[in-house]
Amino acid sequence: METNPFIDEVIRKRRSKRGFLDQAVDMAMVKDILAAAGSAPSSSNSQPWRCYVITGAARERITTLAVDAYRAAPDGQAPEYPFFPQPLHEPYASRFNGFRGQLGDAQGCCRSDKVKRRRDVERQFRFFDAPVGIIFTMDRRLEWASFLCYGGFLQNIMLAARGRGLDTCPQQIWSLQHPLLRAELGLAEEQMVVAGMSLGWADDSLPENRMTVPRLPLDEFVTFVAD
Ligand SMILES: Cc1cc2nc3c(=O)[nH]c(=O)nc-3n(C[C@H](O)[C@H](O)[C@H](O)COP(=O)(O)O)c2cc1C
């Protein structure tokens, strides 16, 4: 049987990019990406995703408000759902700290430098200068299974973007901005802000966009059971 190595290549080469060029993205392209992503599988075809594409003046307004809200309470914003247990246990703590250290090094910011760290968080809320921001919501009355479905949908967007030369950064940090997003986007109370995503043409001159983020070797996460 023939394989299509192109698909593996797209999967392997996708990276989260944290800096984008000041170059517009054709809205027809965004629509094609989202339409393709909507073919993701979901439990009994429940399709729990809902998204808001934010560009132009709305993007300016929402990112400005988000940065202001963060500055007003840099340690006081809470997401709509827990990200990690506190404290985080091994082996996840080492992976988390390893990644944060690697990203901080690339961005020229050590973890103890509060001022620079806040500046980097503000960049998150500017969609890293990407011309397109997407906010994802889900009906909070659904169960954990719907988060599984959501992951496939998000990955589809990220891969379909790569297929067009675009890049992304998935950003659960946007869940911290749920009060502002609820007001700006007119979200119904049952809609939970799951995440955001930056979408645009990556600026690959930035060190943080050229990091190699390590992955586990196969035998550390797969058990083959044959007998
Ligand atoms: C559900 C999810 C949420 C994430 N949230 C953020 C985020 O808020 N900010 C950010 O910079 N990266 C975020 N990321 C990107 C991860 O840090 C990144 O996927 C991981 O370090 C692996 O790197 P890679 O995507 O470049 O392969 C998120 C990724 C996922 C899957």
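One-based numbering, in listed order, for ligands and for the atoms of each.
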Short list, please: which atoms of ligand 1 are under 4.0 Å from a heavy atom of [X]?
X      : result
Arg18  : 10 (C), 11 (O), 12 (N), 15 (C), 16 (C), 17 (O)
Ile173 : 8 (O)
Arg15  : 24 (P), 26 (O), 27 (O)

Identity and separation of the nearest protein heavy atom to [atom]:
atom                    : answer
atom 19 (O) of ligand 1 : Ser16 OG, 3.4 Å
atom 7 (C) of ligand 1  : Gln171 CA, 3.4 Å
atom 1 (C) of ligand 1  : Gln172 OE1, 3.8 Å
atom 21 (O) of ligand 1 : Phe99 CE1, 3.2 Å

Report yes or no: does a heavy atom of Arg14 sit under 4.0 Å from some atom of ligand 1?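 Within the 4.0 Å threshold, so yes.
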List the atom pairs, donor and acceptor, that lie under 3.5 Å between side-chain atoms in residues 80-89 and the rest of the protein, sequence neighbours left out.
from	atom 1	to	atom 2	distance (Å)
Glu80	OE1	Arg140	NH1	3.2
Glu80	OE1	Arg140	NH2	3.1
Glu80	OE2	Arg182	NH2	3.0
Glu80	OE2	Val193	N	2.6
Tyr81	OH	Val194	O	2.6

Sidechain N-carboxylate O distance under 4.0 Å for Asp204, Lys17: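 Yes.
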Could you check whether Arg14 pairs with Asp167 (Lys NZ or Arg NE/NH1/NH2 to Asp/Glu carboxylate O, under 4.0 Å)?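 Looking at Asp167 together with Arg14, the answer is no, because their closest N to O distance does not fall below 4.0 Å.
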Under 4.0 Å, heavy-atom basis, I'd like to know which part of Arg215 is in contact with ligand 1: side chain, backbone, both or neither. side chain
Quick test of your reading: applying side-chain hydrogen bond (donor to acceptor under 3.5 Å, both in side chains), list the pairs with at least one residue in residues 58-70, sequence neighbours left out, ordered by first then second residue.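 Residue pairs passing side-chain hydrogen bond (donor to acceptor under 3.5 Å, both in side chains), neighbours aside: Arg61-Glu184.
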Side chain to side chain, [X] and [Y], heavy atoms closer than 4.5 Å:
X      : Y      : answer
Asp32  : Arg164 : yes
Met197 : Met158 : yes
Glu208 : Leu103 : yes

Measure from NZ or CZ of Arg95 to the centre of the six-membered ring of Phe99, then state whether that distance is under 6.0 Å and the direction lies within 45° of the axis.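 Because its charged atom misses either the 6.0 Å distance or the 45° angle limit, Arg95 does not stack over Phe99.
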Kindly confirm or rule out an N or O of Cys169 lying under 3.5 angstrom from an N or O of ligand 1. no
Please confirm whether Pro170 comes within less than 3.5 Å of ligand 1 when only nitrogen or oxygen atoms on both sides are compared.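 N/O-N/O distance under 3.5 Å: yes.
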From atom 9 (N) of ligand 1, work out which of Gln124, Gln155, Arg123, Met197 has a heavy atom at the shortest distance.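 When every heavy atom of Gln124, Gln155, Arg123, Met197 is considered, Gln124 comes closest to atom 9 (N) of ligand 1.
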